[in-house]
Undergrad: 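Just dropping this structure here.
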Amino acid sequence: MIDFEPSDEQLLIIETVRQFAEQEIRPVARECDEDGKLSNSVLAQAHELGLVANGLPEEFGGGGERSALTGALIAEELAWGDLSQALAILSPGLIALPVAEFGSDAQKQATLPRYAREQFVPGGLALQEPHFGSDPFRPTARASRDGESYVLEGEKALVPWIEGDDQVLVFADEDGTPQGFLVSREAEGLVATPEQNLGLRALPTVQLALSGVRVPASARLGEAAGCDLRRIVAQGRVAMAAAGIGVARATFEVARDYAKEREAFGVKIAQKQAIAFKLADMAIEIDGARLLTWEAAWRLDQGEDALREATLAIQQVRRVAMDASDGSVQVFGGHGYIREYLPEMHLRNARGLTVLEATALL
Amino acid sequence: MPISFEMSETTRLAQDYYRAMATDHLRPISRKYDTQEHDLPTEWVDWYWNHGRKGGPEDVGPSDGFIQVCVQTEELCWGDAGLYLRTPFAGLGGAAVGAAGTKEQKKRFLSVFHGDGGPAWGAMAITEPSAGSDSAAIQTTATRDGDDWILNGTKIFCTAGEGASQQEGGFVVAWATVDPTAGRGGIKAFVVPAGTPGMTLVGLENKLGIRASDTATLQFDDCRVPTANLLGSAEVKKRDAKASSGDKGFKGAMATFDASRPIVAAMAVGVGRAALDYVLEELDRQGVRIRYDAPPAELTALERDVMEMEAELQAARLLTWRAASMMNRGRPNSLEASMAKAKAGLAVTRITQKAVELLGPPGWSKKLLVEKWMRDAKINDIYEGTQQINQLIVARRILDYPSSMLR
């Protein structure tokens, strides 16, 4: 039966993460953005909630409850707190989840347990490239087989590069097919240059230059079997869409609350249809985009190829989140442009959704 | 039960049944009754009454409840929204009786729709020449005279008003004020059976779209109905008085909108899907494939347009189903129903206009039905609460404002 109401279990997850977002993430969000730094204590506490580890197989210390829909519920609440921190908190999934789904037994043994231990271990994924028209399915970075190793050449951009890990999952073209490679951050020939971005300022990202980076053949994700990048990208789009809903909802809420406080012409500005209708539009569009996202996630959980649904969802969310955050700045007027208030940060962060591809995977 | 998008088998079978019905019985006469605007579509009316309403698949397990009604409605309106509105069923009048009527009233007015007599229609008459969205401003009066109420006034834009007022067995639910000084508290709904003396069909509108639907002007001149035909209580709540839960007058009638708006949204989705399906079929014939895996810089304007149409239609459909599923649980859904209606009305207006644009000259030509769907779609942004009225309702809810604070 079709049902749009979360089960008690799903509600509990939503409530738990929302509470964490409100009590831990939000209080430090502005400071993290201004300083361009994550809070290690927030990352550690988030890790204790097991948000990523719960989705990993039990035999490697995880909760064995992988679900794109559950992931979407979590991502929305975290991003409602703050998008930069949400992506950092979920970053272990960038490596752990593709390995859990497509990795060889040896790769799972070697990689997964570290994400289920006490310590928070971040993840990094190098999928996008720093050129116009960057296409995850047709990377210009190349992987060439050379005996028992692969040699990687090329450039990657917007690679999450949070302190505390020593590997990154790099996608490169091997004879016309994109393949993933687990690469040490210390590998010879790999140069990481920090990026300065418009939004998501608390999330460190780097541009990667790979020249003659040599990895063993066993570092190819899935080894001989390879992986299904379509599915990985679809999962990433659903996760990003869910996070985008979180940002849109957060910015809608501050705009709504401000409009009910701010007076002009003797009434609250929310009593003016020009403002009230803008808020109504935001609310309608957010709910519609959320349902699209849930549907795409649900289809992934059924094992379907949901790239179409995931793409439609992320495209819708990009528009909705941009409209909402831009509308929120507008509702605040001049104050919306000032860094003392949240809308300008929401607007910068929402723009990131339109650029980032699969930076968070659930 | 967790969030799920799995349509039940019963709903899926019903979807197939109504899709076949739309394909076999509505599409073939779609253009004919768009052109012959005020003719009764006898092929459809007779077939539906004698066969269509009695058929349908058996339940093979749990149904999706009101979502199934939305699915069926979408399929029929994918066939033809105007003919759907001309279908002999209880319609909005029936919804009002169902929501605000007593057991006896339901039996008296609704059993005809399951009986063996001739086809019958139900309709709702609210709008007046000087009262559209502001339904509390209606001027039609109801005056008590012994065991009767006497109605006087004019109603316009009454969907299915010809069938409901003229054809035996049918009825019109007319809204009138019993106390013009009482504002909305004085407004009551009266069931006026077809053929009641004093109720006159004075005209049918010529419309942009949904031309197969009979949109009537009805005049009430000393039209007498028994007190047993009043829906809800006769008691007048003065202006600003809080309506009690037992009050089924104005509030009761407004509650029918919470049930009818998801249906209207589903109708809209059906029309939008008709246009989108045609665009996708044509692209397929032309060998154009939409690339969901292409990077933004490579997407053509056509691909972007089609993807946006698809996403908008599905968002509208899911909002519609959500509002319907809340009814399954007996939850108040007026916020969600207005969200669905506002989204669907606007989305399909844009989708069908875009379809005409993308198809170029053939889209604009009457050789295809696409131009008709564009005309049919627009009404969804207007009736059952205009786009703006639904935005107003949503705004009041999300701001937690009473209507006095946001007008």
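Every chain is numbered from 1, with letters handed out A, B, ... down the list of sequences.
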Undergrad: Which word best sums up how the rings of W298(A) and F5(B) line up, parallel for under 30°, tilted for 30 to 60°, or perpendicular for over 60°?
TA: tilted
Undergrad: Supply the atom-to-atom distance R322(B) CZ to W294(A) CH2, rounded to the nearest 0.5 angstrom.
TA: 8.0 Å
Undergrad: By a 4.5 Å heavy-atom criterion (distance strictly below it), what part of L292(A) contacts chain B: side chain, backbone, both, or neither?
TA: both
Undergrad: Quick check on R138(A) against chain B: is it the side chain, the backbone, both or neither that has a heavy atom closer than 4.5 Å?
TA: side chain
Undergrad: Over all heavy atoms of both residues, which pair between P2(B) and D3(A) is shortest? Give the atoms and the distance, please.
TA: O-CB, 4.0 Å
Undergrad: Counting neighbours of CZ on R18(A) that are heavy atoms of other residues, nucleotides or ligands and sit closer than 6.0 Å, is the number greater than 12?
TA: yes
Undergrad: Which atoms of E9(A) are under 4.5 Å from chain B, going by heavy atoms: the side chain, the backbone, both sets, or neither?
TA: neither
Undergrad: Under a 4.5 Å heavy-atom cutoff, which of L69(A), D135(A), L73(A) has the most pairs with chain B?
TA: D135(A)
Undergrad: Check whether L11(A) gets within reach of chain B through its side chain, its backbone, both or neither, counting any heavy atom under 4.5 Å.
TA: neither
Undergrad: Out of I67(B), L319(B), I3(B), which one pairs with F4(A) under the side-chain contact (heavy atoms from CB on, under 4.5 Å) rule?
TA: I67(B)
Undergrad: When rounded to the nearest 0.5 angstrom, what distance separates CG in D257(A) from CG in L399(B)?
TA: 9.5 Å
Undergrad: So, taking the atom named CG in L307(A) and the one named CZ in R291(B), what distance separates them when rounded to the nearest 0.5 Å?
TA: 13.0 Å
Undergrad: For T10(B), is it the side chain, the backbone, both or neither that has a heavy atom under 4.5 Å from a heavy atom of chain A?
TA: neither
Undergrad: Within the structure provided, determine whether M1(A) and S325(B) are in side-chain contact (heavy-atom separation under 4.5 Å).
TA: no
Undergrad: Taking NZ, NE, NH1 and NH2 as the nitrogens, is one of them in R256(A) or D400(B) under 4.0 Å from a carboxylate oxygen of the other?
TA: no
Undergrad: Give, as side chain, backbone, both or neither, the part of R331(B) having an atom under 4.5 angstrom from any heavy atom of chain A.
TA: side chain
Undergrad: Find the one option among R407(B), E310(B), E298(B) whose heavy-atom pairs under 4.5 Å with chain A are most numerous.
TA: E310(B)
Undergrad: Which pair of heavy atoms, one from Y401(B) and one from Q271(A), lies closest together, and at what distance?
TA: CE1-CG, 3.6 Å
Undergrad: Please rank M326(B), M7(B), R396(B), R329(B) by heavy-atom pairs under 4.5 Å with chain A and give me the top one.
TA: R329(B)
Undergrad: As an exercise, state the distance from CD of Q391(B) to CD of Q273(A), rounded to the nearest 0.5 Å.
TA: 9.0 Å
Undergrad: Against chain B, label K278(A) side chain, backbone, both or neither, depending on which of its atoms sit under 4.5 Å from a heavy atom there.
TA: neither
Undergrad: Tell me which of these, P295(B), A342(B), A297(B), has more heavy-atom pairs under 4.5 Å with chain A than the rest.
TA: P295(B)
Undergrad: Using a 4.5 angstrom heavy-atom cutoff, name the option from A283(A), A270(A), A310(A) with the most pairs to chain B.
TA: A270(A)
Undergrad: Decide yes or no on side chain to side chain contact (heavy atoms under 4.5 Å, CB included) for R319(A) and E308(B), but give the supporting numbers first.
TA: CA-CA 10 Å; R319(A) 179 181 66 71; E308(B) 177 156 12; 4.0 Å; yes
Undergrad: Grab the two heavy atoms, one from A395(B) and one from A280(A), that are nearest each other, plus how far apart they are.
TA: N-CB, 3.9 Å
Undergrad: Which region of F277(A), side chain (C-beta onward) or backbone (N, CA, C, O), has a non-hydrogen atom less than 4.5 Å from a non-hydrogen atom of chain B, or is it both or neither?
TA: both
Undergrad: Any heavy-atom pair between the side chains of W321(B) and L291(A) that's under 4.5 Å?
TA: no
Undergrad: Ion pair present between E295(A) and R317(B), side-chain N to carboxylate O less than 4.0 angstrom?
TA: no
Undergrad: Do the side chains of K343(B) and D287(A) get close enough for a salt bridge, i.e. N-O under 4.0 angstrom?
TA: no
Undergrad: Could you tell me which portion of Q388(B) (side chain, backbone, both or neither) has an atom closer than 4.5 angstrom to a non-hydrogen atom of chain A?
TA: both
Undergrad: Q316(A) versus E312(B): any side-chain heavy-atom pair under 4.5 Å?
TA: yes
Undergrad: Would you mind telling me which of K260(A), E5(A), Q10(A) has the largest number of heavy-atom pairs within less than 4.5 Å of chain B?
TA: E5(A)
Undergrad: With a 4.5 Å cut-off on heavy-atom pairs, point out which of D64(B), I290(B), L392(B), L346(B) contacts chain A the most.
TA: D64(B)
Undergrad: Given side chains that start at C-beta, do those of T311(A) and D293(B) come closer than 4.5 Å, heavy atoms only?
TA: no
Undergrad: If you count heavy-atom pairs under 4.5 Å between each of L335(B), L406(B), L318(B) and chain A, which one has the most?
TA: L318(B)
